[in-house]
Student: 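For reference, the structure I am asking about is given below.
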Amino acid sequence: MKRLPVLALLLWVCAVYFVGIYLFVGGFLLVRLEVNRTSSCGDVLEPGEEPGDFCRSPPRFSRLVLLIVDALKIDFARFDPGNTAPRPYENKLPVLGETVTSRPLQSRLYPFRADPPTTTMQRIKGFTTGSLPTFVDVGNNFASSAILEDNLIHQLGQVGKRVVFMGDDTWENLFPKKFYRSLPFPSFNVKDLHTVDNGILQHLYSTMVGKDWDVLVAHFLGVDHCGHRFGPDHPAMADKLTQMNGVISSVIDRLENDTLLVVMGDHGMTDTGDHGGESQKETDAAIFLYSPSPIFPGSPSQTEPDVVPQTDLVPTLALLLGIPIPYSSVGQVLLPLFPPHGQKGAAGGISQLEALWINAKQVNRFLDTYSSMARDIPPESLRQLRAHFSRLSSEYLAAVRDGRSPSAKLNSSLQLYLTSVRDTCRATWARFNHVKMAAGLAILALACLMCFVLSELSQALIREGGVGPKAPVLVALMSAAAAAAAQLLARGSVEAAWCLAAGALGSELLFLWRARRLNTPTASKNGGKAPKAAGWLTPRQLLAAPLLVWLLRCAALLSDCYVIGEGRVVTFLLFSLAIYVPVRLNWDGLLLPPSHDPLKSAGLLPAPAVPAATVRKEGHTLLACLGLLVGSLYLSLSFHACREEQGSCQPSPFLSPLSRLQSSQLKNLHYVLSVASLGMWAFLLRRCLCHYGNLNSSGGTVFAARWILPLLSVCLGLHWAVSATPDDSFRNLSELIGLAHVALPRAAFCLLALGLALIWLDPLTVFVKARAAASARSLTLPPPRYRASTGISPQAELHHLIPQIYQRMRRCLDDDAGGGGEPGGGGEADNRPAVEAYGLGTVYSAPTLLFCGLLGLGLLLLHPEGMALSFLLLLLEMGSLLHIHASSTLPITHAFPFCSWSGGFAVPWTPVVLWSLAAAQFFHATGHLPTFPSIQWSAAFVGFPDGHTGTILPASLVTLNTFASHILFAVGCPLLLFWPLVREVRGGRAGRACGEEGEDAVMEMRLRENPQQFSAALLQLSTRYLFINGAQVFASVCAAAILRRHLMVWKVFAPKLMFEASGFLVSSVFLLIGVTLVLRVDVAVSSWFKRLVPDASR
Amino acid sequence: MWDHEIKAMASTHAIIASSVFMATVLPAVLVPGFSVYGAHLLWLYSVSGAVTVVSVAVFWLLGITPPTKKHTLGYKLSRVVRSCLYFFLSCLFFHTVVVLYGAPLIESALETFSLSVLLTSLTTLRCLCVLGPNVQAWIRVFSRHGAMSVWDTCLQITVACTLVGAWLGAFPIPLDWDRPWQVWPVSCSLGAMIGYLTGLVAAPAWIHYHRKQLTYKCK
C-alpha cells in the first residue's frame, strides 16, 4: 500500500487550507496588544525638565456632562433652515444649530469620525481609552469584558471625581465598580426603543440638580435601536430625534458655569440603519461642545478642524478636567478648546502649546512601550516617528529655555507628529485588509474544490500514481519564491503571508489542471466509468440528501439566528439525515426482506440478490441502532450551555463542577452517575475489543487495554471525588487532599501518554499460535491461507468437526487464561498449516478504537464531572453511527458479490456527513459554545491548581477541552472505513448461501489484499471529511466577509469564525494522527506477515 | 393508459382540496375572531376533521379500499377498530418524532399533539384508505418497486410532500422575525398543509406525464 503519498497529499491539503484561513483571518481580525500601564499625576514625561504635577493646577472645568446619543450621525445634527421639506431624520435637532450660531464663543458642532469597527462596545472602549480597539485585544483576561487598559473613567476615579452613569448597560460590563453611582438599563433588545431612554430621563434632571456628581455620563440608545428597527428614513426616527432635541435643550438650561457639556454619537449608520463597518456614513458621528461660559477664542474660523477623530476626545477632556491623559491614548488635543499661547484665559488652564507638548510626550511614551512589547508596527515608520519627536523636543526645549514665545510652526509640527502617530497606529490596527481577505477566500474556495476533486478521483490518483504531492510542492515553493522576489523588487520588504498565498494558489491551480488532464484520459479509456467520473457536479448528485443536509448546515452559518441556535440546528439536521438512511434503504428494498407473496415468487421478480436472513438481520440492527442514536441525540440536548442571546434558556445542571453543588445528596447522585458512565465507557471499549478477540496477545496495545484503561478510569473517579470535597471538611487530611489534587490528574496524564505511546509502538493485537510441527511443515507447503485464519471459519465448523472440537477446547483454555475473547479462528481447514491468529480480523480497527477510547478519557479529565454522561452518549452515538453505516452498506455489498469488489471500500457521503455533524453536535453537547465567554478556563488548572508559568501548556489544555468532540470524531474517522468489514463476520456466514466456497469471512484482511484500494479509500475518506469541515469553515468565512457590517458581526459571526477555524485546525491535525496510526498498523501488519511467512510476504 | 384513474384521482383531489378550503373559510364565517394564526388549534382540528371525513367518504365511494377477504360484519368491524387504533398509534408516533426533532416536551404538548393529528390525517389516513390496516403493506409501498397501482404512486407522492412540507416548516422557527406564523406549531402545520396541497396537485400531474413509463407488476 502507498503510505507516504497518502499522508503527504493529506498534509498538503491541510496546509493549503491553513494558508487560506491564515490569510483571511489576518485581514479580518485585527489584533493589538493591550498595554496594562496607567498614567498617574506624578508621572514624569520624558524629556521634561519640570517635575510638574499637572493634576494640581486648577483645571479649566470642574464638571462634565457627557451625553452619548448612540448612532447620532452628523447628518442628524446639522440644521439647515433652507430645507423646507426635511426628511424624517433632517432638521430634528434645531437646538444644536441655533446654539452654534447664536453663541459662537460657547459652542461648536463638528463631525466626529469613529474608527472601525463601528460597534457600540468597541466605540465606548475607543473614546474612553483614546486608543483604537480591535476585535481581539490581547489582554491578560480573556474571560471578562472589562476594560483593563488605562481609561478616562479610571483616571477620573483616581483623582476623586464622582462619576455618575446612566443608560446602556454595556458600560457596566466594561467598567465594573468604577462608577460612583450607576443606573444601567438593558440594551440587548434591539426592538425596544424606549426603555433605556426613559430610564435615563427619569433620573437625569434630578441628578443634575443635585450636587453629588462631578462627571455625568448618559448613554441614550433609542436612536440606534430605531435605526436598526426602522431605518433612519422613518417617522419613528423623527420622534426619537425630537425627543433628543428636548433633552439637550433642557440639559443646556440646567448647566452651571464650571460645567462642560459634550453631546456626541459613538458612530453613524448606513441608509438602512446598520453599522459596524467603515463607510463614511457609519463612521461620521457628530460632536457638540457647549459651555455656559465662553471657551472658544472667537467664532469658527479657517483654522478649525474639519473633522474631529474620535480618539481626540480623550486627551482633550483629560487636560480640560485636569487629569492625566490615559496611558494608551493616541489622540490629539482639540486645539480650539485651549487658549493660544500667551493669552491665558480667565478661567485658567493650559495653553495650546503646553497641551500639545504634554500630549506629544505622552504619545511618545506609549509608542516606546508598545513597540517594546509588540512588533506589529513597521520598524521603518517607527524610526521616522522617533526622529521626528526628538527633533521637536529639542526645538521646544530650546524655545522654553530661551524664554521666547515659540513659533506657530512648532504648533503645527507637533500636530503633524501626533497625526502621523495616529495614522501609523490606525494602519496597523484598525483597517480590514480587503486584499488579504479576498485572497484567503479564493484560496479556501479552491482548496474546497480541490478536496472534492481529490476525493472523487482518489481511485484514479492512487492507481496512476501520477499526481503525487511532489509537483505541487515544487510549484508552491517556486511561486512563493517568485512572490517574495516581486515584493522585494516592488517594496523592498517581504511579507510572509503573500509568499504563502502565492505558494498555495500556485499548487492548487497546478493540481486542478493536472486533475483535469487525469480525468479525461481515464474517462475515455474505460467508457463505462466516463459518466461517473465526468459528472462530479450534476445537480442530481448535489441534491442527494447527504449533500443537501450539508448545504443546509453551511447555509445556516450565514444567519445569526441559526448560529445562535446552532446546537439545536445541528441536532435537527443529524436526526433528519439519520432517519433518511432507513427510508432510503427501504426505498431500495433492502430494509426488510421481501414479503413472500405468492404472486411474486411465481417468478415475476428476479430472485432476490440478497438473502432474506441477512436483510432482516441488518434491518433489525439498523433500526435498533437508529433508536440508540435518536435516544442519545435527544438526551444530549440536555447538556447544552446557554448563550446570552438565548433569553429563556437554562444551562445544563451537569455543567457546573461538583464542588459548586450545595446539596450533598445531589452531589452524590451526580458523582455516582458520572462514575457509572465512566465505568460504562471503559467496559464498552473492553467488551468490544474482547468480542473481536483482540485481547489475547501480550503486546503493548493489549497491555494498554487491559491495565491502562481501567487504571485511568480509576484515577479519574478518584480525582473527581477529591475535587468534589468541600474545602472545610477533612481538615486533618487537607495536605493529602492537596497532594491528590496535583498527583491524580498528573498520574492520569502520564498513564494516558503511556497508553498512547504503547499503542503507537506496538499496535498489533494479534495472538498467534503455531504448533511447532505444523510450522515446520509450512516451510515446505504452499503459504498458509491466512485468510482462513480470521473469524470463526464456517467451513471449519461444518466440514471439519474434529479440529473444531479441538479449537473449542483451546478456546476454553484461552478464556480461562486470558480473560475471554472470541478467538480469531483457526486455520486448520483443508489440512493447511496451522497458524491460528486471534483478532486478525480487526487488526486495524482495534488500535484505532482503543486510541480513541483512551483519548476520550483524557479529554473527559479536562471537563466538569457531569460531562461523563455526555461522553458516554458520544461513545454510544459513535457506535450506533458505525453500525448504521455498516448495516446500510452490507446489504448493498451483498447484492454485488464479494469477488467483484469493484466499488472498493469507498465510504459514501452519508456516513461522513453524519460523522461531521455528530462532531459539531457534541461540541455543543459537551457544554461548549462558539463564544469567548463560554470557554471553560478551568480546564487549564486540571493538575496544575496553582497556575502555570508558560502559556503553551494552559493554551493546549483549553484547546483540548474546547474541541474534545472534534478530536474524538477526527481520530475515529478511519473507523468508518473498517466497520463494514468488521461487521462482515455475520454477513459472511449468511453469505455462504451464495455458494462461494473459497470465500471466508476475512474482515479487515480484505484491506490487506487490495492495498491500492485501501489507500484510495483511506485517502477518499479523509479528503471527504476534510472537505465537509473545510467547506463549513469556508461558509463561516463567507459569513464574516459578507456580513462585516452586520449588527452581530463581533458578537456572533467573528467568534463563530474563530471557533470554526480552530476546530478545523484541531480536527485536521487529529485526522492526520488517526490516518498515521492506521498506516503505522499497516507497517506493523506487513512486518508481522514477513516474519510469519518469509517467502510469501507482500 | 391510466386515463380513467387519473381523472378519478384529479377529481378526488379537487374535492379534498375544496374541503380544506371550506374547513378554513367556514369557521372564519361562523366563529367570531377566527384566524389561522390566532385560533390555530381550531383551524387544525377543523382541517383534520374535514380531510378525514372527506377522504374516508370519497375513497369508500370510489371503492379503492382493498377488497376484504371475508364479508362478515365482525370482520369489517374489527377492521374499523384496527384502523382507529392505527390512527391513534400513528398520532403517538408522530408526536414522538416531532418531540425528538426538538419540540418542547411538556410546555405545548397539546399543540404538538394537534400537529401530529394533522399529520396523521394527511398521511396515515390515506394509507388506511388505500391499503387498509396493514403495516407491512405500508412499508412495502414506500420502496422503488413497491407501488402496485396508480393510487399507490399517488400515495407515495402526497405523503412525501406532506412530510417534507412539515420538515421545511420548522426552518423559520429559530429566526428572530417575531411573526405570528413563527409560533410553534403554526409554521409546521402550515408547511404540512401546503405540502399536502402541493402533493394533491402534483400527484395526478406527475402520473399524467409519466403514464407511459408507469408499469405495475401485479394488478
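Residue numbers begin at 1 in each chain, while the letters A, B, ... track the order of the sequences. Since the structure is predicted, the reported quantities are computational estimates derived from the model, not experimental observations.
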Student: Quick check: do Leu633(A) and Leu100(B) have side-chain heavy atoms less than 4.5 Å from each other?
Tutor: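 No; the side chains remain at least 4.5 Å from each other.
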Student: So with a 6.0 Å cut-off around CD1 of Ile106(B), is the heavy-atom count from everything else above 12?
Tutor: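 For Ile106(B), atom CD1 is not crowded (no more than 12 foreign heavy atoms under 6.0 Å).
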Student: Work out which heavy atom in Ile139(B) is nearest to a heavy atom in Asn586(A); give both atom names and the distance.
Tutor: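 Heavy atoms only, the tightest pair is O-ND2, 3.1 Å.
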Student: Within the supplied structure, the quantity of interest is the number of heavy atoms (other residues, nucleotides, ligands) at a distance under 6.0 Å from Arg643(A) CZ; does it exceed 12?
Tutor: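 More than 12 within 6.0 Å, yes.
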Student: For a 4.5 angstrom cut-off between non-hydrogen side-chain atoms, does Trp177(B) reach Cys561(A)?
Tutor: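 Counting from C-beta outward, Trp177(B) and Cys561(A) never come under 4.5 Å.
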Student: For Leu552(A), which atoms come within 4.5 Å of any heavy atom of chain B: side chain, backbone, both, or neither?
Tutor: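 Side chain of Leu552(A) only, per the 4.5 Å heavy-atom cut-off to chain B.
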Student: Need one label for Tyr562(A): side chain, backbone, both or neither, based on atoms under 4.5 Å from any heavy atom in chain B.
Tutor: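 For Tyr562(A), the contact with chain B is made by the side chain alone.
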Student: Taking every non-hydrogen pair under 4.5 Å, which of Val97(B), Val99(B), Asp178(B) racks up the most with chain A?
Tutor: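 Looking at each option in turn, the highest pair count goes to Val99(B).
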Student: Are side-chain heavy atoms of Gln156(B) and Trp587(A) found at a separation under 4.5 Å?
Tutor: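 With C-beta onward as the side chain, the pair touches.
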Student: Would you please say whether a donor-acceptor pair under 3.5 Å links the side chains of Thr571(A) and Tyr101(B)?
Tutor: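 Looking only at side-chain atoms, Tyr101(B) and Thr571(A) do not form any donor-acceptor pair under 3.5 Å.
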Student: Do any of residues 157-175 of chain B come closer than 4.5 Å to chain A, heavy atom to heavy atom, and if so which ones, in number order?
Tutor: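 Checking residues 157-175 of chain B against chain A gives Trp167(B), Ala170(B), Phe171(B), Pro172(B), Pro174(B), Leu175(B).
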Student: Ignoring hydrogens and geometry, is there a side-chain-to-backbone donor-acceptor pair from Asp588(A) to Arg144(B) under 3.5 Å?
Tutor: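 Checked: no pair found.
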